[in-house]
Amino acid sequence: MKYQPQEIEKKWQRIWEERGSFHCADTSDKPKYYCLEMFPYPSGDIHMGHVRNYSIADVVAHFKRMQGHNVLHPIGWDAFGLPAENAAIKHKTHPAKWTYDNIANMRAQLKRLGFSYDWRREITTCDPEYYRWEQLFFLKFLEKGLLYRKKAPQNWCPTCNTVLANEQVEEGLCWRCESVVEQKELTQWFLRITDYAEELLADLDTLTEGWPERVLTMQRNWIGKSVGAEISFPVEGGGERITVFTTRQDTVFGATFMSIAAAHPLLDELLAGSPAESAVRDFARKILNADQRDLGPDAPEKEGMFTGRYCVNPFTGERIPIWVANFVLAGYGTGAVMGVPAHDQRDFEFARKYALPIKVVIQPESMAPLRPETMEAAVAEAGRMVNSGEFNGLPNEEGKLRIAERLEQKGLGRRSINWRLRDWNVSRQRYWGAPIPVVYCETCGMQPEKEENLPVLLPLDVVTHDDCRSPLPDTPSFHECRCPKCNGKARRETDTMDTFVESSWYFGRYTDPANNEAPFTPEALARWMPVDQYIGGVEHAILHLLYSRFFVKALRDFGYMACDEPFANLLTQGMVLLGGRKMSKSKGNTVDPTEMIARYGADTVRLFCLFAAPPERDFDWTDAGIEGAFRFVGRVWRLAADLIGKVPAMAPCAAPASSLGKIRELRHKEHATVKKVGDDITSRFQFNTAIAAVMELVNLMYLVKDELLETEAGRAALGSSLSTTLALLFPFTPHLCEELRERLGFSSLLADQLWPVYSDEALVRDTVTIVLQVNGKLRGKLELAADESEDAVKAAALADPNVQKHTEGQSIRKVIFVPGKLVNVVVN
RNA sequence: GCGAGGGUGGCGGAACUGGUAGACGCACUGGACUUAGAAUCCAGCGCUUCGGCGUGGGGGUUCAACUCCCCCCCCUCGCACCA
């Protein structure tokens, strides 16, 4: 009986498919469980990261199914996007063809891996039957005022020839091609994700059980809430006011200068006629042209230039100089900052450099009185207010409240909250995306397309440009259209939607994928949402996961969703490395899953991905490692081959209790392994230790099988343990297990079986190993009956020769007894 | 700087509410089988001057610390002139 993975794997894939083993029911008495992995972009081939991701998810899906859940485990394709377009240009083909060919290829690869998807629910986002609903959402967002058009400087990737959302710019570089991102003034569509900023932040607290802490932190940082106040400073010699945002309004008495961004809208006006005009303009231009990458840790020296103008600190009445400074961001707050050198490190450095006055207004109680001349750094700590008029003596936290109140009373400003989060630019100047369903009419202006006219089809008969420009503006059959309102001449929007819009709601579409009257029904969503377990890479910690959370909240407010959050539990799996580095096609260090499957079979590849490390951690691919996994699979196969025909086909954990030594020991191990594997999968996704536990069971079976085959009770114990082994390994190596179970004599499928149930009685041991310690050091072990009395165990411990050797001539101070575990003799 | 996660044999990694550190696997060594090798099966495998010493370093609590407390070092990831 030879192990031939290629044959048996294809055989069982066919059988499962024919029997619909992994189809999930829309109605069921069983509790629902929605297990989802981040769907793949059809880039060409499945890579090892996919295999790991989907192997993890498949264990969860199988396990939940075996525990009696109705499991939704779907798969689909995130099929719009730039790579298709770039590849199409390069290979002189069409993005659609490239995409669909890749999908066909990757679908076959996933099927070859034997994952337990309900393939009837497969979705493809570039299919009009998918994106038509996205266009409907676009209209809903527009109708609800959550979508608007605005002309503003945008992140522009010159290589991709399109704008990027803030989330898609990493350290000043394009997230996809790493080109330096430029700023370009464009009119774009924005989703008002900032309307949900407060809720997106607050609801992270509801995810603390199910999401990794670091993802929550990353989202909190990204949303970036700052509570403070806006304060207006009148400009001297003019009617203007400069408004600043600050979180430290308690330090306003210490504001000794004003700094504004080079792009501040008032700058022109301030400079007009000033003697410093041309110098300051040159300086501002230099800042504006500086490379964005220079921000952050390697930011250049703080630089500024006095504008020649002053404004008035409304609390002190002092005139303070207005500076243009390179560290003030035009896009955050109001683009102007009050300089409080004594209590802000950045302002402190700036003041020292340009000899601006430093004024202490907070005195921490634990510090000696602060003196500006001797300070070496700003003091940001809490303390009592000083030099602050009527507020003197207040703790600064209380001062924040009082000053905010006073601002509002006197009309000098107001309480304010600032967010780092910006609205989401969803316009893309590329072809391979979902068309935006609006037109621009010569008489009516912008008009949404009528719902009944959806989908607005992306034309497939276009001529692509070699320079990556979208062909849509040059395709009259697409953009020449009629106004939905007046039927006059109109031009269709030629920008397409960001592909992250597709992935922000696909998990909802799986609940009702064939619905051609609506994206989904509230009933289907209520039945399945939220996703119980979501699994994917941490690289989506902000982008996709934040957008999806926003979408769910918005769709809830439109009346679709019943839940507040899409993903109840999130597992971020680690990367598969090769030689300590991320696998990368361009660097040539990849391991091709197809090759590995051809050599070892899908079961082995899956098993290795799960055994090599806990799922959240990165692991290094090693040839020796997969050899080891293959060896174990072979070991299970040979064990079964040896036992088949000699042992009865028993259900897992079905062998009766026995008092005989090895039989009793095997049965104990069998039941203990069922408990351990179940616990490991349930509590912490500890697949590596779950597999290790089954290895131990298999090892024991090898050791005892010759002896147990001699007796009927022994054969029963082996038959039961073998069945248990196959059931426990089924989520990991499903084909192997089905095949062996069939050969063992079963006609039913493992795919239809429930998880084995251990009995507590079998876990009870009649003897225990008692560890003997003297002063906490290991000095021996005793094998004793489990029900031995405390006194008897202590006596036996003290009588142990090695214990006696180490206690000889010393007085015994006490004897610690831990039932079933150890005796520690304390001497001095 | 802030936040999160780590630091355990030659390697990947175990160790539940403090109670045998190193499960399981890899590599390595020996044995069996074999004409031989591969494969397989069995056994050994932290260091050691054989007293002991060992979970990044130093203190502490405890009969007992990888685990709890205090101080420090290093690595990975994320965020960061955000006012």
Side-chain angles (χ1 to χ4, degrees), chain A residues 170-171 212-222 224-226 228 244-249 251 259 261 294-302 325-329 331-340 344-347 349-350 418-420 538-539 541-542 572 574-575 608 611-614 616-629 631-632 634-635 638 642 676 679-680 683-684 686 688-696 698-699 702-703 706 769-781 813-828:
Chain A
E170 294 167 354
E171 295 179 2
E213 185 60 37
R214 67 172 174 149
V215 175
L216 297 174
T217 305
M218 284 163 77
Q219 292 221 352
R220 283 191 193 104
N221 285 345
W222 187 262
K225 181 181 186 177
S226 295
V244 301
F245 170 74
T246 178
T247 55
R248 292 299 304 273
Q249 62 270 23
T251 65
S259 46
D294 288 345
L295 299 178
D298 308 318
E301 178 82 359
K302 285 165 194 39
N326 65 345
F327 61 82
V328 182
L329 305 173
Y332 184 80
T334 60
V337 186
M338 64 178 195
V340 186
D344 179 282
Q345 184 58 24
R346 191 192 42 210
D347 295 344
E349 289 168 24
F350 194 79
N418 246 283
W419 302 91
R420 198 176 165 279
V538 75
E539 65 273 16
I542 295 173
T572 52
M575 289 186 296
F608 177 55
F611 182 63
E616 307 220 51
R617 213 177 297 186
D618 292 348
F619 81 85
D620 230 335
W621 182 275
T622 61
D623 292 339
I626 189 156
E627 284 285 350
R631 207 172 301 164
F632 174 66
R635 203 166 147 80
R638 287 185 298 275
D642 189 19
K676 166 102 176 123
D679 288 351
D680 281 353
S683 62
R684 294 174 295 170
Q686 290 252 22
N688 54 335
T689 53
I691 294 164
V694 181
M695 286 174 170
E696 285 186 56
V698 169
N699 289 347
Y702 265 94
L703 289 184
D706 290 343
T769 305
I770 300 291
V771 169
L772 307 181
Q773 295 181 337
V774 177
N775 285 352
K777 290 208 168 72
L778 180 68
R779 296 301 179 195
K781 291 173 193 177
R813 301 192 72 99
K814 60 176 159 176
V815 180
I816 307 277
F817 172 71
V818 181
K821 286 236 169 94
L822 65 72
V823 174
N824 185 14
V825 183
V826 184
V827 298
N828 62 349

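Owing to the predicted nature of the structure, the values given are computational and were not obtained by experimental measurement. Numbers restart at 1 for each chain; the letters A, B, ... are given by sequence-line order, proteins then strands.
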(message) Please classify B:G51 as syn or anti, treating any glycosidic angle within 90° of 0 as syn.
(response) syn
(request) Output the distance between atom NZ (A:Lys676) and atom CD (A:Gln686), rounded to the nearest 0.5 Å. (result) 7.0 Å
(message) I'd like to know if the side chain of A:Asp344 reaches the main chain of A:Gly339, judged simply by a donor and an acceptor atom lying under 3.5 Å from each other, with no hydrogens or angles considered.
(response) no
(request) Kindly say if A:Arg635 contacts the phosphate of B:C42, meaning a side-chain N or O under 4.0 Å from OP1 or OP2. (result) yes
(message) At less than 4.0 Å, is any side-chain N or O atom of A:Arg346 found next to OP1 or OP2 of B:C82? Yes or no.
(response) yes
(message) In whole Å, measure the gap between the P atoms of B:G25 and B:C41 for me.
(response) 11 Å
(message) If I take atom CZ in residue A:Arg220 and atom C1' in nucleotide B:C2, what distance separates them, rounded to the nearest angstrom?
(response) 14 Å
(message) With nearest nucleotide decided by heavy atoms, which residue, A:Met695 or A:Gly331, maps closer to the 5′ end of RNA chain B?
(response) A:Met695
(request) Write down the distance separating the C1' atoms in B:G13 and B:U55, rounded off to the nearest Å. (result) 13 Å
(request) Check the distance between B:C79's P and A:Glu539's CD and give it to me in whole angstrom. (result) 13 Å
(message) Between A:Arg779 and B:U20, is there a contact of a side-chain N or O with OP1 or OP2 at under 4.0 Å?
(response) no
(request) Measure distances between side-chain N and O atoms of A:Asn824 and base N and O atoms of B:C63, and say whether any donor-acceptor pair falls under 3.5 Å. (result) yes
(message) B:G25, OP1 or OP2 - any side-chain N/O from A:Asn699 closer than 4.0 Å?
(response) yes
(message) Rounded to whole Å, please give me the gap between CG in A:Leu822 and P in B:A64.
(response) 12 Å
(request) Rounded off to whole Å, could you give me the NZ-to-C1' distance for the A:Lys821 and B:C63 pair? (result) 16 Å
(message) With a 3.5 Å distance limit and no angle check, can you tell me whether A:Asn418 reaches the backbone of A:Ser226 through a side-chain donor-acceptor pair?
(response) no
(message) Using a 3.5 Å distance criterion without hydrogens, assess whether the side chain of A:Asp618 forms a donor-acceptor pair with backbone atoms of A:Met575.
(response) yes
(message) Could you tell me how far apart A:Asp679 (CG) and B:A15 (P) are, to the nearest whole angstrom?
(response) 12 Å
(message) So does A:Ala541 get a backbone contact from the side chain of A:Gln219, meaning a donor-acceptor N/O pair under 3.5 Å?
(response) yes
(message) Between A:Phe350 and A:Phe327, is the ring centroid distance below 6.0 Å?
(response) yes
(request) Flag the pair A:Arg684 and A:Glu616 as a salt bridge only when some basic side-chain nitrogen lies within less than 4.0 angstrom of an acidic carboxylate oxygen. (result) no
(message) Roughly how many Å apart are B:U76 and B:C70, using the P atom of each and rounding to a whole number?
(response) 26 Å
(request) Could you check which of B:C42, B:G78, B:A15 has an atom nearest any side-chain atom of A:Gln686? (result) B:A15
(message) Any non-hydrogen side-chain atom of A:Ile816 less than 4.5 Å from a side-chain atom of A:Val823?
(response) no
(message) For a quick test of reading the model, state the closest non-hydrogen atom pair linking A:Met218 to A:Ile542 and the distance between them.
(response) O-CD1, 4.0 Å
(message) Taking syn as a glycosidic torsion within 90° of 0 and anything else as anti, which one is B:G18?
(response) anti
(message) Using the P atom as the point on both nucleotides, what is the distance between B:U29 and B:G46, in whole Å?
(response) 16 Å
Measure all distances between protein nitrogen or oxygen atoms and nitrogen or oxygen atoms of nucleotides 6-12 of chain B, and list the pairs falling under 3.5 Å.
from  : atom 1 : to       : atom 2 : distance (Å)
B:G12 : O2'    : A:Ala612 : O      : 2.8

(request) Name the residue closer to the 5' end of RNA chain B, choosing between A:Lys676 and A:Tyr332 according to the nucleotide with the nearest heavy atom. (result) A:Lys676
(message) Applying a 4.0 Å non-hydrogen cut-off, can you work out what A:Gly628 is touching in the nucleic acid: base, sugar-phosphate, or nothing?
(response) sugar-phosphate
(message) Can you check the distance between B:C42 and B:G22, where both ends of the measurement are the C1' atom (answer in whole Å)?
(response) 22 Å
(message) Looking only at the side chain of A:Thr217 (C-beta and beyond, no hydrogens), which of the listed nucleotides B:C81, B:A15, B:G3 gets closest?
(response) B:G3
(request) Specify the separation, in whole Å, of atom NZ of A:Lys777 and atom C1' of B:C53. (result) 10 Å
(request) Grab the two heavy atoms, one from A:Arg248 and one from A:Met338, that are nearest each other, plus how far apart they are. (result) O-CE, 3.5 Å
(message) Measuring only the C1' atom in each nucleotide, how far is B:G57 from B:A83? A whole number of Å is fine.
(response) 40 Å
(message) Within the 4.0 Å heavy-atom criterion, would you say A:Pro614 contacts the bases, only the backbone, or no part of the nucleic acid?
(response) sugar-phosphate
(request) Look at A:Arg631 and B:A27 and indicate whether a side-chain polar atom (N or O) is within less than 4.0 Å of OP1 or OP2. (result) yes
(message) Quick one, A:Glu349 and A:Gln345 - any side-chain contact, counting heavy atoms below 4.5 Å?
(response) yes
(request) Please work out if A:Val337 contacts a base, only the sugar-phosphate, or nothing of the nucleic acid, heavy-atom cut-off 4.0 Å. (result) base
(request) Quick one: pull up CG in A:Asn699 and CZ in A:Arg635 and give me the separation to the nearest 0.5 Å. (result) 4.5 Å
(message) Tell me the interatomic distance from A:Arg214, atom CZ, to B:U76, atom P, rounded to whole angstroms.
(response) 14 Å
(request) Classify the nucleic acid contact of A:Val328 as base, sugar-phosphate or nothing, counting any heavy atom under 4.0 Å across all strands shown. (result) base
(request) Check whether any side-chain nitrogen or oxygen of A:Lys814 sits under 4.0 Å from OP1 or OP2 of B:C63, and answer yes or no. (result) yes
(message) Please tell me if A:Tyr702 has a side-chain N or O lying less than 4.0 Å from either OP1 or OP2 of B:C42.
(response) no
(request) Indicate, with a heavy-atom threshold strictly under 4.0 Å, whether A:Gln773 touches base, sugar-phosphate, or nothing. (result) base
(message) Identify the stems formed by RNA chain B, where each pair is Watson-Crick or G-U wobble with both distances under 3.5 angstrom and a stem is at least 3 consecutive pairs.
(response) B:1-7 with B:73-79, B:10-12 with B:24-26, B:28-32 with B:40-44, B:56-60 with B:68-72
(request) Compare the minimum distances between each of B:C24, B:A83, B:A4 and the side chain of A:Ala692, then state the nucleotide with the smallest one. (result) B:C24
(message) At less than 4.0 Å, is any side-chain N or O atom of A:Thr622 found next to OP1 or OP2 of B:C26? Yes or no.
(response) no
(request) Compare side-chain N and O positions of A:Arg684 against OP1 and OP2 of B:C16 and report whether any pair is under 4.0 Å apart. (result) no
(message) Please give the distance between the C1' atoms of B:C75 and B:U8 as a whole number of Å.
(response) 15 Å
(request) Using the C1' atoms only, state how far B:U67 lies from B:G6, rounded to an integer number of Å. (result) 15 Å
(request) Nearest whole angstrom, please: distance from the P of B:G78 to the CG of A:Leu216. (result) 17 Å
(message) Counting only side-chain heavy atoms from C-beta out, which of B:A23, B:G19, B:A21 sits nearest to A:Ile816?
(response) B:G19
(request) Evaluate the side-chain proximity of A:Val337 to A:Arg346: yes if any heavy-atom separation is below 4.5 Å, no if none is. (result) yes
